[in-house]
Every structure is written in structure tokens, then in C-alpha cells.
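One-based numbering, in listed order, for ligands and for the atoms of each. Numbering starts at 1 and runs along the sequence shown.
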Amino acid sequence: MRKRIVAGNWKMNKTPAEAKALIEVLKPLVGSSEETEVVFCPPFLDIAVAVEAVKGTNIKIGAQNMYYEEKGAYTGEVAPDMLVGAGCEYVILGHSERRGYFGETNEIVNKKVLKALEHGLKPIICVGETLEQREQGITEDLVRLQTKIALKDVSPEDAVKTVIAYEPIWAIGTGKTATNEQAEEVCAAIRKVLTEVYGKEVAEEIRIQYGGSVNAGNAKELFAMPNIDGGLVGGASLKADFSDIVNA
Ligand code: 13P
């Protein structure tokens, strides 16, 4: 039985003081969630404050990115050890905004996934198509490829620690959610590729999230689909409404 996981990707929002204030609002609402794992992914500079603020609750903290080298002359980058030392348990990797604005390729995402796992961080690996790719009918091919390359050389023991987030780019921040059926279709295709690579037993253990305009109104139905084990939430994770999504 896969434990549901709902993560808030705060993106480039909230100063440390604002992060603390938001967590104080959300903590009583989602802090004792047992059947759903709750993860907040604030910007790097808010991580220390967030880790402190969630102490004594079940909320986990994740980062939104990470570099794949251990340390050294990589100005502006953040190393896996730094995230671990700061108290992160998760790290979002390969978000479409990283891929789109910062040129992250499938190969870079794979390097990051391997490095995160080596340091005991659990990667939330994002995959998803543009509207143009969907209209061209290549969604499943693309998502299969993104998933397979991201997990290249990842052992079955490590694969079960990863979470795959299916985020159609056309649904991100647009208020245009994929239908339950569209989301389930792609998440099922992801489960299929995981089965091909790792076998049924491992594939059944890996959690797959849907992300893209998830809100309090649509979360319940999306999360009820057989291959959707929770959500990666952007905009709606910055409000008290996030608790309705977790409780969905
Ligand atoms: P929105 O929920 O704002 O559409 O963002 C989704 C997302 O990109 C989460 O990573």
C-alpha cells in the first residue's frame, strides 16, 4: 500500500519571515497528518527557518533543486550535503521550470537524482509535456523517456525512495487542470515504464504525484485515481487551502 504524498512547491515565493508565518498557519491544519505524507519545499534561504518551524510535527521539508557535485567552484549552486545538513528529506529535481528556464536536460536530472540518493535525499522527479507535445500525440513517449533517463543506473532499492511527479506544463499555474482521466492515463504509463525497468513489485511501491493547478476543489477526484498517489502543488500550497488538498 503506497502512502499518499502531498508536497507544496513554493517556487520563488516567501521571505524567511513570511515562510515562518505561513508554516504557523498551516501547522495546526496539516501537522499531524498520518495517512498522507506532507512536504513543504520552500526556497533555499527559507529552509533553516522552515525546518525549525515544523519541529514536533509530521511535516517534512524538501528543497526545490540541488547541484550534482559534492562541493567546489560552482558559484551559486547548493550541494546535497548542505541540504541534508539543513534538515531536508526531499528534493524536487527536474521541475519543468528548471528544464525550461535553466536548461536542465534529462541527463542533468539523472546526475542529480543519483547524487541525491547517494546522500540519502529522496528525489521528487518531475516529468511532463508541453501543450504542443500533447497535441502532437507524443506525451507518453516523452514522459517514458524522461522517467527512464532520470532513473538510469538507479537501483531498485533506491528507486522505491523516489517519487515521480507528472506535471503537464500546460496545466502549471494556468488554472487549467488535466482531467482525472488525462492525468491517470499518463500516470499509468509511468507505472508501466517503472514496471518494465524494475518489475511489478518495485513499480507498485513507487509513488506518482500529479501536479498542475491542483486545488481544494479538484484534489479529491485526482487523488482517487488508481495510479495517482498525491500531488505536487504550486500556487495553492501558499494558502491555508493547502490543508484541504492534504485532507482530500
Ligand atoms: P501550480 O499548482 O501553481 O499549477 O504549480 C504546479 C507546479 O509546478 C508544482 O511543482
Participant: Have Tyr198 and Glu204 got a donor and an acceptor in their side chains that come within less than 3.5 Å?
Facilitator: no
Participant: Considering only protein heavy atoms, which is closest to atom 3 (O) of ligand 1, and at what distance to one decimal place?
Facilitator: Gly235 N, 2.8 Å
Participant: With respect to atom 9 (C) of ligand 1, which of Lys176, Lys11, Glu167 exhibits the smallest heavy-atom separation?
Facilitator: Glu167
Participant: Ser213 heavy atoms, cut-off 4.0 Å: which ligand 1 atoms fall inside?
Facilitator: 1 (P), 2 (O), 4 (O)
Participant: May I ask you to decide whether Glu70 forms a salt bridge with Lys115, counting only side-chain N to carboxylate O separations under 4.0 Å?
Facilitator: yes
Participant: In terms of atom number and element, which parts of ligand 1 are under 4.0 angstrom from non-hydrogen atoms of Gly212?
Facilitator: 4 (O), 6 (C)
Participant: Considering non-hydrogen atoms only, spot the tightest contact between Asp241 and Ala216 and give its length.
Facilitator: O-CB, 4.4 Å
Participant: Would you check whether Ala171 reaches within less than 4.0 Å of ligand 1, judged by its heavy atoms?
Facilitator: yes
Participant: Going hydrophobic residue to hydrophobic residue with side-chain gaps under 4.5 angstrom, can you get from Ile61 over to Leu26?
Facilitator: yes
Participant: Any N or O of Gly234 that comes nearer than 3.5 Å to an N or O of ligand 1?
Facilitator: yes
Participant: Heavy-atom contacts with Gly173 under 4.0 Å: which atoms of ligand 1 show up? List them by number with element.
Facilitator: 1 (P), 3 (O), 4 (O)
Participant: Tell me whether Ala236 has any N or O atom under 3.5 angstrom from an N or O of ligand 1.
Facilitator: no
Participant: Does atom CD of Glu221 have more than 12 heavy-atom neighbours from other groups under 6.0 Å away?
Facilitator: no
Participant: Does Arg98 form a salt bridge (charged side-chain N to carboxylate O under 4.0 Å, His left out) with Glu104? I'd like the steps, not just the answer.
Facilitator: CA-CA 6 Å; Arg98 298 293 322 165; Glu104 284 194 18; 3.1 Å; yes
Participant: Contact between ligand 1 and Gly211 is defined here as a heavy atom of the residue under 4.0 Å from a ligand atom; is it met?
Facilitator: no
Participant: Any nitrogen or oxygen of Ile172 lying under 3.5 Å from a nitrogen or oxygen in ligand 1? Just yes or no.
Facilitator: no
Participant: Of the side chain and backbone of Leu232, name the one, both, or neither that has a heavy atom under 4.0 Å from an atom of ligand 1.
Facilitator: both
Participant: Evaluate Glu97 for polar contact with ligand 1, using N/O atom pairs at a separation under 3.5 Å.
Facilitator: no
Participant: Does the pair Lys3/Glu37 count as a salt bridge with the N-to-O cut at 4.0 Å?
Facilitator: no
Participant: Scan side-chain atoms only and decide if Glu184 and Asn227 contain a donor-acceptor pair under the 3.5 Å cut-off.
Facilitator: yes
